[in-house]
Amino acid sequence: MSLELYNSLTRRQEPFQPLKPDQVSMYCCGVTVYDYCHLGHARSYIVWDTVRRYLIWLGYAVNYVQNFTDIDDKILKRAQEQQSTMQEVAERNIATYFEDMRRLNILDAVEYPRATEHIAEIQQIIGALIDSDQAYAAGGDVYYRVQRFPSYGKLSGRKLDQMQAGASGRVDPEDPTGQRKQYPFDFALWKAAKPGEPAWDSPWGAGRPGWHIECSAMIRARLGETIDIHTGGSDLVFPHHENEIAQSEAATHRPLANYWLHNGMVNVEGTKMSKSLGNFTTIRDLLDAKNAPDPMAVRLFVLQAHYRKPLDFTQESMTAAQNSWDTLKEGLLFGYRFGESLGWTDTADSSFGQADSMRIDGDSTAVDQFRDAMNDDINSPGALAVLFELAKDLRREGNIITHEHQTATDPQALRQQWQTLTVLAQVLGLEAKPEAEAELGLSDAEIAAKIAQRKAAKQAKNFAESDRIRDELKAAGVLLIDKPGGLVEWHRG
RNA sequence: GGCGGCAUAGCCAAGUGGUAAGGCAGAGGUUUGCAAAACCUCCAUCCCCGUGUUCGAAUCACGGUGCCGCCUCCA
């Protein structure tokens with residue numbers, strides 16, 4: 001089977017076929033930069049990063065574009081609260097976005113367009129929509145006329161006559177008194193500026209773009225009229241993506257995107273993690289906490305669930321993910337720890353261990369299983385099972401080498417296995433690098449002296465003392481292995 | 001009220017017609033002064049409930065039950 005993806009637009013899993021044979025254009029709805037990112041954002045961007053990495057591994061050149069929404073009511077509000085400017089708030093949160101995402105090993109997008117950089121393109125689309133009577137100006141605002149777009153609702157599966165205005169329980173912030181819109185589900189393309197707000201001149205008066213139009217404009221400007229894949233959180237299906245389609249397709253008469261992919265939400269105790277509920281954990285709070293999980297454990301936590309399903313975040317589930325990562329990590333570090341003693345010839349090369357430079361040779365059922373899982377709508381939990389089987393095997397081999405100083409397994413077979421694991425893990429963005437074996441405080445001679453003291457204590461049956469020494473060494477990162485015949489071996493880590 | 005999704009072991013989670021992957025947690029054994037580390041072994045006769053289709057269903061159909069998301073803040 002080749003790659004199949006679940007397309008929200010058709011509500012079916014479909015074979016993936018890009019417009020051009022070897023290239024994929026991919027647009028991911030980014031964040032509104034008014035605050036730190038939370039775990040929900042982390043999930044979304046980890047998932048799309050993984051899809052991107054997989055497409056690259058399949059041989060596609062992926063043009064991955066992700067926007068920053070840097071003009072918005074919430075950013076303005078934040079700027080007022082902090083007696084700052086919209087621009088400063090946006091810049092600060094864009095900087096922290098990059099810090100957080102890079103820690104999670106999310107690749108940088110090819111381009112990061114911003115709404116404020118595309119005012120001209122936005123105005124151009126709005127102008128065209130007004131010219132064709134698919135939008136209308138009203139009191140300095142411009143609204144999109146949803147009833148003129150026959151397929152409005154095709155993405156979210158809604159029909160205008162079945163929708164209930166205000167069902168979400170919020171007052172329409174765009175037109176609170178209902179005076180300007182001609183129809184309740186018309187949405188703002190352009191908003192008249194209020195005093196003191198940043199504004200751009202336009203044929204309809206000074207103002208700023210609505211939320212949805214920026215994505216339409218940026219996609220068109222950076223990727224073209226029709227793209228292969230458009231991604232985002234499932235909470236963006238309606239209205240955001242529905243409106244993007246309406247605007248873009250009314251203007252270009254071309255499909256905006258061939259594949260619409262949406263990730264499930266991160267839940268906390270069964271309900272969605274969100275800013276408004278206040279039940280969110282920011283990425284930096286999570287990663288900087290005491291006993292924080294490794295960023296790779298967070299990545300693993302996300303990928304252990306299928307991307308379209310809800311994912312419950314609890315302390316227990318994160319701890320389990322950390323323990324799982326520790327196992328996987330041991331497999332990934334195998335080559336660094338044992339490659340040299342196994343007689344691998346390239347362990348000193350600068351490219352050693354870099355998945356990019358490694359090919360997977362020979363037949364590999366592991367690779368086949370991995371590919372089958374990922375081809376099935378990015379079944380990352382299934383793909384991870386393949387990694388764990390490789391990693392657990394390598395971990396066992398490594399332990400045998402540590403304890404017995406040899407293994408019956410062919411070094412080149414181990415090499416092959418480690419290489420396979422490393423390459424496949426990297427496709428999922430999971431990477432472990434050997435930590436510089438920093439000075440652990442104790443020299444070999446000091447450790448030998450401690451072991452001798454412990455041995456003497458043991459011979460004197462002073463087990464309290466011998467255990468104390470063992471714990472002391474353990475705290476210093478030195479692990480003792482008691483062997484038959486009173487021999488004691490040790491290793492660091 | 002409308003639209004959509006989910007329900008598999010203590011927990012997380014694959015599997016969509018051929019007899020239950022993987023992870024976490026747990027148990028037993030070997031070893032040991034006891035441990036640790038390690039190695040070996042075990043851990044769902046069953047997939048929310050009911051009815052049906054079938055030689056065969058966790059997987060399909062119908063009917064329930066429960067939970068969640070969206071319906072102009074949202075990843």
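Order of the sequence lines sets the chain letters (A, B, ...), proteins ahead of strands, with each chain counted from 1.
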Please state the [atom1] separation for the pair [N] and [M] - nearest whole angstrom.
| N | M | atom1 | answer |
| --- | --- | --- | --- |
| B:rG23 | B:rG64 | P | 40 Å |
| B:rU32 | B:rU19 | P | 44 Å |
| B:rA7 | B:rC48 | P | 8 Å |
| B:rG10 | B:rA27 | C1' | 13 Å |
| B:rC12 | B:rU51 | C1' | 32 Å |
| B:rU65 | B:rG50 | P | 15 Å |
| B:rU16 | B:rA61 | P | 14 Å |
| B:rG15 | B:rC60 | P | 12 Å |

To the nearest angstrom, how far is [X] atom [atom1] from [N] atom [atom2]?
| X | N | atom1 | atom2 | answer |
| --- | --- | --- | --- | --- |
| A:Asp49 | B:rA75 | CG | P | 18 Å |
| A:Asp372 | B:rG22 | CG | P | 17 Å |
| A:Phe388 | B:rC24 | CZ | C1' | 9 Å |
| A:Gln322 | B:rA25 | CD | C1' | 15 Å |
| A:Phe149 | B:rU72 | CZ | C1' | 17 Å |
| A:Leu384 | B:rA21 | CG | P | 18 Å |
| A:Asn267 | B:rC74 | CG | C1' | 14 Å |
| A:Leu328 | B:rG22 | CG | P | 15 Å |

According to the Watson-Crick and G-U wobble definitions, with both distances under 3.5 Å, which nucleotide is paired to [N]?
| N | answer |
| --- | --- |
| B:rU45 | none |
| B:rU72 | none |
| B:rC34 | none |
| B:rA7 | B:rU65 |
| B:rU54 | none |
| B:rA14 | none |
| B:rC39 | B:rG29 |

I'd like to know if [X] pairs up with [Y] as an ion pair, taking the criterion as any Lys NZ or Arg NE/NH1/NH2 lying under 4.0 Å from an Asp or Glu carboxylate oxygen.
| X | Y | result |
| --- | --- | --- |
| A:Glu99 | A:Arg103 | no |
| A:Arg308 | A:Asp377 | yes |
| A:Asp471 | A:Arg468 | no |

_B:rG23 OP1/OP2 closer than 4.0 Å to side-chain N/O of A:Asn323_ =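 Negative; the distance criterion is not met.
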_Does B:rA38 have OP1 or OP2 under 4.0 Å away from a side-chain N or O of A:Lys392?_
no
*Is the shortest heavy-atom distance from the side chain of A:Phe301 to the side chain of A:Phe313 under 4.5 Å?*
yes
Any side-chain donor paired with an acceptor under 3.5 Å for [X] and [Y]?
| X | Y | value |
| --- | --- | --- |
| A:Asn375 | A:Glu4 | no |
| A:Ser216 | A:Gln247 | yes |
| A:Glu489 | A:His403 | no |

Side-chain donor-acceptor contacts of residues 106-115 of chain A below 3.5 Å, not counting sequence neighbours, with atom names and distances?
from, atom 1, to, atom 2, distance (Å)
A:Asp108, OD1, A:Arg102, NE, 3.2
A:Asp108, OD2, A:Arg102, NE, 3.4
A:Asp108, OD2, A:Arg102, NH2, 2.7
A:Glu111, OE1, A:Arg222, NH1, 2.5
A:Tyr112, OH, A:Ala109, N, 2.8
A:Arg114, NH1, A:Glu91, OE2, 2.7

Counting any heavy atom closer than 4.0 Å, what does [X] reach on the DNA or RNA strands: base, sugar-phosphate only, or nothing?
| X | result |
| --- | --- |
| A:Val266 | base |
| A:Asn263 | base |
| A:Gly30 | sugar-phosphate |
| A:Thr402 | nothing |
| A:Gly270 | sugar-phosphate |
| A:Glu389 | sugar-phosphate |
| A:Trp211 | sugar-phosphate |

*Nearest nucleotide by nearest heavy atom, which residue falls closer to the 5' end of RNA chain B, A:Tyr183 or A:Met265?*
A:Tyr183
_With nearest nucleotide decided by heavy atoms, which residue, A:Phe185 or A:Leu236, maps closer to the 5′ end of RNA chain B?_
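Its nearest nucleotide lies further toward 5', so the answer is A:Phe185.
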*asked:* Out of the candidates A:Phe238, A:Trp190, A:Phe187, only one should pair with A:His212 under the ring-ring contact (aromatic ring centres under 6.0 Å, His included) rule; please name it.
replied: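 It is A:Phe187; the other options fail the test.
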*Could you work out which one of B:rC74, B:rC71, B:rC24 sits closest to the side chain of A:Ser274?*
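So the side chain of A:Ser274 is nearest to B:rC74.
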*asked:* Measuring from the side chain of A:Arg396 (C-beta onward, heavy atoms only), which nucleotide among B:rG69, B:rC39, B:rA75 has the closest atom?
replied: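 Looking only at heavy atoms from C-beta outward on A:Arg396, the closest nucleotide is B:rC39.
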*Indicate the atoms forming the closest heavy-atom contact of A:Leu104 with A:Ala42, along with that distance.*
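Where A:Leu104 meets A:Ala42 most closely, the heavy atoms are CD1-CB, 3.8 Å.
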*Report yes or no: is the cationic atom of A:Arg180 (NZ for Lys, CZ for Arg) under 6.0 Å from the centre of the six-membered ring of A:Tyr143, at an angle within 45° of the ring normal?*
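Geometry flag: not set, cation outside 6.0 Å or 45°.
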*asked:* Protein within reach of the bases, or only the backbone? For nucleotides 32-37 of chain B, mark each nucleotide 5' to 3' as B, S or -, using heavy atoms under 4.0 Å.
replied: -BBBBB
*Which nucleotides of nucleotides 2-16 of chain B have their base under 4.0 Å from a protein heavy atom (B), which only their sugar-phosphate (S), and which neither (-), written as one string 5' to 3'?*
BS--SS-----SSS-
*May I ask you to check whether over 12 heavy atoms, not counting those of A:Gln315, lie within 6.0 Å of atom CD?*
no
*Quick one: does A:Lys272 reach the base of B:rC74 with a side-chain donor-acceptor pair under 3.5 Å?*
yes
*Would you mind telling me which of A:Leu5, A:Val237, A:Ile245 makes a side-chain contact (heavy atoms from CB on, under 4.5 Å) with A:Trp260?*
A:Ile245
